[in-house]
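Just below is one structure, and these are the notes that go with it.
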Amino acid sequence: MITVDNLVKSFSSRAGSVRALNGVSLEVQAGSVCGVVGPSGAGKSTLARCIALLERPDSGAIRVDGTDLVSLDGSRLRAARRQIGVVPQGDSLLRQRTAAGNIALPLESAGVDGPVRRKRVGELLDLVGLTDKAASYPDQLSGGQRQRVAVARALAANPAVLLADEPTSALDPETTGSVLTVLDRARAELGVTVLVVTHDMAVVRRICDDVAVLEDGKVVEHGKVLDLVSDA
Ligand code: ADP
Ligand code: ADP
């Protein structure tokens, strides 16, 4: 379970200070898929970056299975980051590495041995349906295939949480389906807890159990998709 408790994050710029998160609280059940929606500027990406431990909030707590991650430093912070797989916004693959090479990256950083790494990369390629594309470079893959590689890479270190920031925003409806299927499989087969930032209500209807609506740095609504989204 992920518990976000009263998260505050401000940014200062020449124009003054912006409070991107103004006391965000959220609970996501282990093994569920939660969508985060809301207008542009609501704080969705900032929330995602805080949960991914890429941004440190000014105050508040982020607990995964009871451990507060906000206060961690150094090697404990790096270890906690490995518990959270991130599918970044936009194209994030290394152009000069194959699909398999991209998926292997987090395993290489973690010092996983060659044979173990190879087996794990093979399993992940299978999970995302790209076994036949192992040796293809990103330029040889479609947008949807590239995103599925990014999901596999995010899952490589066996994280408890998978965080995807607008994973389908650059894709057409058909390819969007293939990426959503992969996120759904990750939850079903690996038991990972999934957080999806999206502006697309079709994504929410298709794979999310819960949805949180963010506005002006606050959660204004949070509940079951079936209760909150019409036509769900
Ligand atoms: P969303 O993802 O919902 O569009 P963001 O989290 O990107 O919202 O942004 C929330 C607010 O915080 C916006 O007003 C944005 O301009 C501001 N903001 C986000 N990141 C930064 C930053 N690095 N520096 C300054 N302001 C930022
Ligand atoms: P690159 O040229 O992109 O670095 P490599 O072929 O050197 O790609 O492989 C990088 C990593 O991916 C290595 O850890 C390797 O074990 C793994 N790997 C490569 N091809 C496969 C494959 N078909 N199945 C599983 N793992 C693979």
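Throughout, numbering of the chain's residues begins at 1 and tracks the sequence. Because only heavy atoms are used, hydrogens play no part in the values below, and waters and symmetry mates are left out as well, while side chains stay in. We count ligands from 1, going down the list as the structure has it; atoms in each ligand are counted the same way.
- Screening Val87, Asn102, Val182 against Val149 for a side chain to side chain contact (heavy atoms under 4.5 Å, CB included) leaves a single residue, Asn102.
- Under a 4.0 Å N-O distance rule, the pair Arg56/Asp73 qualifies as a salt bridge.
- For the pair Leu21 and Val8, the minimum side-chain heavy-atom distance is 4.5 Å or more.
- Using a cut-off of 4.0 Å between Lys/Arg side-chain N and Asp/Glu carboxylate O, Asp210 and Lys224 are scored as salt-bridged.
- Every protein residue with a heavy atom nearer than 4.0 Å to ligand 1 is included here: Phe11, Val18, Ala20, Pro39, Ser40, Gly41, Ala42, Gly43, Lys44, Ser45, Thr46.
- A search for salt bridge (charged side-chain N to carboxylate O under 4.0 Å, His left out) contacts involving Glu215 returns nothing, not counting sequence neighbours.
- At a threshold of 4.5 Å between non-hydrogen side-chain atoms, the residues Arg78 and Ser109 do not count as touching.
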